[in-house]
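Here the structure is laid out as structure tokens; the discussion comes afterwards.
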Number of protein chains: 4
Amino acid sequence: MPPRKAAKNAELREDSIQRLSQAAFQLIVMKGYHATTLQEIAEAVGMTKGAIFFYFTSKERLLLHLLDIAEDHIVNSLAAHLTSAEGTALDKIVAYFHFGSWHGIERPYELLCLIQISIEFRHRSDAIGKRIVAIYNRIYRVLEEIIEAGRMRGELPKDLPTREIASTVVATHDGMMLEYHRREIDGEKLVRVVRTVFLQGLGLKPRPKPIRRAR
Amino acid sequence: MPPRKAAKNAELREDSIQRLSQAAFQLIVMKGYHATTLQEIAEAVGMTKGAIFFYFTSKERLLLHLLDIAEDHIVNSLAAHLTSAEGTALDKIVAYFHFGSWHGIERPYELLCLIQISIEFRHRSDAIGKRIVAIYNRIYRVLEEIIEAGRMRGELPKDLPTREIASTVVATHDGMMLEYHRREIDGEKLVRVVRTVFLQGLGLKPRPKPIRRAR
Amino acid sequence: MPPRKAAKNAELREDSIQRLSQAAFQLIVMKGYHATTLQEIAEAVGMTKGAIFFYFTSKERLLLHLLDIAEDHIVNSLAAHLTSAEGTALDKIVAYFHFGSWHGIERPYELLCLIQISIEFRHRSDAIGKRIVAIYNRIYRVLEEIIEAGRMRGELPKDLPTREIASTVVATHDGMMLEYHRREIDGEKLVRVVRTVFLQGLGLKPRPKPIRRAR
Amino acid sequence: MPPRKAAKNAELREDSIQRLSQAAFQLIVMKGYHATTLQEIAEAVGMTKGAIFFYFTSKERLLLHLLDIAEDHIVNSLAAHLTSAEGTALDKIVAYFHFGSWHGIERPYELLCLIQISIEFRHRSDAIGKRIVAIYNRIYRVLEEIIEAGRMRGELPKDLPTREIASTVVATHDGMMLEYHRREIDGEKLVRVVRTVFLQGLGLKPRPKPIRRAR
DNA sequence: CATGAATGAGAGTTCATTCAT
DNA sequence: AATGAATGAACTCTCATTCAT
């Protein structure tokens with residue numbers, strides 16, 4: 001039964017890659033890429049270091065594989081969700097937070113891994129640096145399109161620049177995810193606060209008078 | 001003049017420590033703590049690796065020293081600014097963003113170093129992990145006091161929990177700082193967007209006028 | 001028909017061994033034994049690493065097998081050629097160069113493999129070291145017998161020691177083969193030069209040419 | 001006394017580099033480059049692996065350093081010896097053998113290292129492959145110039161091509177050196193045989209006059 | 001027969017750290 | 001006060017080898 005055998009092997013292979021990837025996601029999110037050793041990853045799935053090199057040719061390639069997965073799972077479905085026709089820009093931005101937080105809770109590691117790597121490789125121009133930048137650029141693009149469209153329809157304040165709004169959304173989102181992992185925090189509450197803030201600001205609204213100048 | 005000489009030596013010592021610290025701040029912010037080698041730090045100030053051990057007993061102690069500096073410069077003055085009697089909670093939160101961004105632009109490295117370390121050592125319980133948690137806890141405490149006080153005075157929505165508001169503020173602030181460093185972004189614009197969002201939300205509110213119905 | 005099947009299997013087995021050996025010869029000659037991996041050898045014949053262990057119990061045994069082949073093909077036929085009764089010692093030495101060069105051109109890998117291994121394992125006393133020494137000793141013995149016989153018949157200068165003449169022949173021959181592979185060189189020209197040198201030296205002698213008959 | 005100290009350190013450095021290089025020369029000649037580990041080299045001089053990286057940034061760089069030394073000591077002085085005005089081409093070729101054998105006996109490792117590396121890296125185009133080819137090309141060039149000049153003066157047979165004569169000289173020389181190391185052989189006798197062969201061939205010629213003294 | 005998964009010993013390399021000077 | 005030499009532990013990576021299928 002060669003087909004069965006082949007199938008079994010393929011399964012095994014997929015399973016091993018899967019387990020190694022999951023372990024790597026977790027460890028990288030917990031300790032960072034540089035502080036995570038292949039030894040730890042291997043041990044986490046009950047293999048030896050050498051096994052990693054059977055599936056990935058280097059530590060860097062393993063990480064690139066994780067980025068592929070994360071991009072696929074997160075950015076792709078994000079784009080799919082947010083580029084649909086319906087909904088206002090604000091709806092979509094809120095959806096972005098919800099989406100992220102959903103991932104952050106159900107599948108936290110892929111999302112956090114992207115954030116972690118974007119921080120660790122912020123200023124590097126090697127393969128990983130380029131890859132993570134490309135991934136983030138996709139996110140920025142999706143958001144900026146939403147914002148532009150919203151602005152056209154008058155759903156957003158005209159005096160706030162697109163690029164900086166997108167950055168604010170990403171910054172808040174990533175910061176929120178990190179914060180969620182930094183403290184033991186009620187994720188749902190956190191999202192609710194962020195959503196509220198983004199929708200209404202923190203100000204008590206029926207505002208008595210126009211301009212309260214800060215500072 | 002042994003005293004004079006001693007004085008001179010002390011000065012020299014301070015100067016060396018100062019220069020090493022600055023270099024370390026920059027490199028850690030750019031590359032992360034784990035990816036920064038003592039070699040690089042030493043070279044950046046024209047010394048050799050060995051010299052660092054004359055001033056700091058280990059790489060870890062060097063980092064702890066940086067954390068001391070950063071706490072002193074940032075958290076202390078932050079607390080001083082924000083615990084003053086005047087101003088509403090919102091004013092102070094806005095000031096928090098401004099304060100951070102000011103530091104982020106004038107003396108970016110100390111602030112970013114705190115953020116970087118809080119991410120790299122998020123889940124560690126060694127000396128550094130404990131230290132960075134302690135520093136962040138001070139920040140949370142300051143913010144939560146402000147928020148509580150504001151809530152008492154009715155300046156903040158009652159349905160948003162203090163802890164999560166503080167987390168949102170910190171998350172947004174840290175995310176914003178990282179974002180500022182991740183992209184080439186106009187820092188002032190970014191702050192303005194964040195401030196606006198926090199104050200008013202992104203929603204187009206029934207601004208005072210529109211309501212005026214025709215006729 | 002189990003016998004037929006068995007026969008077929010045996011054939012297949014021989015064929016696989018044959019192909020692996022050829023690939024190994026080539027790769028070892030090109031890169032050296034240590035720098036050649038079983039992976040490469042397997043790939044060169046479209047197998048996997050593991051398959052090699054079905055035919056050879058170790059990399060070392062594979063090499064020993066190659067040495068067997070090379071000894072069989074080269075040293076045996078060399079001995080057969082050179083120990084025949086006819087011809088002077090000089091004829092036979094020339095034949096040695098020709099023989100070598102013939103192998104070197106038609107079947108270069110076996111011969112070069114011997115040379116390569118004799119260099120890589122010169123100073124080792126493991127199985128391979130002993131084997132290659134034994135093979136070379138056979139060659140020396142054949143040559144020394146020829147030389148001794150020639151000396152008896154007065155065909156060779158008396159003042160040159162047998163052992164060193166044999167070494168010179170081997171040295172020149174091996175050096176020539178390596179050189180032939182090191183540069184892009186016209187093999188036939190090279191052999192001609194070597195033969196001429198060995199027969200007449202490089203000195204311009206009042207050559208016996210006199211044969212030119214008068215008139 | 002900073003100068004003394006500096007001097008001492010410089011001495012120490014030179015000494016360590018020297019010792020490491022010598023050990024590396026020997027081991028590479030005995031076992032080949034690939035089969036020699038940095039561990040062994042370090043142990044041979046009573047250091048640890050790490051020390052090697054203090055002086056050389058990689059195993060490859062260490063080898064390149066050895067090649068520099070060897071080129072300097074051998075090829076340079078070879079060129080100096082052989083490009084002098086006096087002497088016939090034959091004298092110089094004989095001198096080449098003598099020179100080589102002198103090096104081979106007094107400082108055998110540098111010369112043998114060149115030969116060894118030329119064999120191990122014959123077919124590679126990395127930094128080492130290029131380096132060793134460049135070194136050999138210098139040798140060929142020197143020899144070919146000598147041969148050409150000799151041919152002009154009628155000192156060499158006209159029917160033998162320059163390139164192949166040079167190759168024969170190099171091949172014989174290298175082969176001789178390897179042979180010298182392969183067997184326990186009387187080096188002087190070996191050189192004498194080679195010299196005689198090159199001058200007169202192995203044929204018993206009606207020697208015109210007894211002694212044409214080489215050198 | 002042959003594969004592909006996995007191992008484990010050991011290689012080259014990095015880097016914080018020590019220490020004599 | 002500072003250097004440069006050297007260490008040693010830990011890392012990434014390689015490769016011959018084993019084995020279930």
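Order of the sequence lines fixes the chain letters, A, B, ..., with proteins taken first and strands second; residue numbering starts at 1 for each chain. Because the structure is a prediction, the values reported are computed rather than measured.
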Distance check needed: [N] [atom2] versus [X] [atom1], whole Å only.
| X | N | atom1 | atom2 | result |
| --- | --- | --- | --- | --- |
| Phe56(A) | dT12(F) | CZ | P | 15 Å |
| Phe54(D) | dG8(F) | CZ | P | 16 Å |
| Ile17(A) | dA5(E) | CD1 | P | 8 Å |
| Glu43(D) | dA11(E) | CD | P | 10 Å |
| Glu40(B) | dC15(E) | CD | P | 8 Å |
| Glu11(D) | dG4(F) | CD | P | 16 Å |
| Ile52(A) | dC11(F) | CD1 | P | 12 Å |
| Tyr55(A) | dA6(E) | OH | C1' | 7 Å |

Next on the checklist: Taking the minimum atom-to-atom distance to the side chain of Leu12(D), which one of dT7(E), dT7(F), dA5(F) wins?
Outcome noted: dA5(F)
Checklist entry - So which of Asp68(A), Ile117(A), Leu63(A) actually passes side chain to side chain contact (heavy atoms under 4.5 Å, CB included) with Arg131(A)? => result Asp68(A)
Item to check | Closest-nucleotide ordering on DNA chain F, the 5'-leading residue of Ala51(B) and Met47(D) | outcome: Ala51(B)
Next on the checklist: Distance check, rounded to the nearest 0.5 Å: Thr37(D) atom OG1 versus Lys31(D) atom NZ?
Outcome noted: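 Taking OG1 in Thr37(D) and NZ in Lys31(D), the distance rounds to 6.5 Å.
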Item to check | Geometric cation-pi criterion Lys59(C) and Tyr33(C), 6.0 Å radius, 45° cone | outcome: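 Yes, cation above the ring, under 6.0 Å and within 45°.
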Next on the checklist: With a 4.0 Å limit, can you tell me whether Arg13(D) has a side-chain N or O closer than that to the phosphate oxygens OP1/OP2 of dG4(F)?
Outcome noted: no
Item to check | Distance test, side-chain N/O of Ser16(B) to OP1/OP2 of dA1(F), below 4.0 Å | outcome: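 False: Ser16(B) side-chain N/O out of range (4.0 Å or more) of dA1(F) OP1/OP2.
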Checklist entry - What is the per-nucleotide protein-contact pattern of nucleotides 14-19 of chain F, from the 5' end, where B denotes a base atom under 4.0 Å from a protein heavy atom, S denotes such proximity for sugar-phosphate atoms only, and - denotes neither? => result BSBBB-
Checklist entry - Counting N and O atoms only, with roles assigned by atom type, does the side chain of Gln39(A) sit under 3.5 Å from a partner on the main chain of Lys49(A), one being a donor and the other an acceptor? => result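 Side chain of Gln39(A) to backbone of Lys49(A): no pair is present.
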Checklist entry - Distance only, no hydrogens: is a donor on one side chain within 3.5 Å (strictly under) of an acceptor on the other, for Arg122(B) and Gln116(A)? => result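 A donor-acceptor contact under 3.5 Å links the two side chains.
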Item to check | Nucleotide opposite dT3(E) in a Watson-Crick or G-U pair, distances under 3.5 Å | outcome: dA20(F)
Item to check | Nucleotide opposite dC15(F) in a Watson-Crick or G-U pair, distances under 3.5 Å | outcome: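 Paired with dG8(E).
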Next on the checklist: Looking at Arg19(B) and Asp15(B), is there a salt bridge between them, counting it only when a charged N and a carboxylate O are closer than 4.0 Å?
Outcome noted: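 Salt bridge present between Asp15(B) and Arg19(B).
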Item to check | is_close_aromatic(Phe121(D), His34(D)), centroid dist under 6.0 Å | outcome: yes
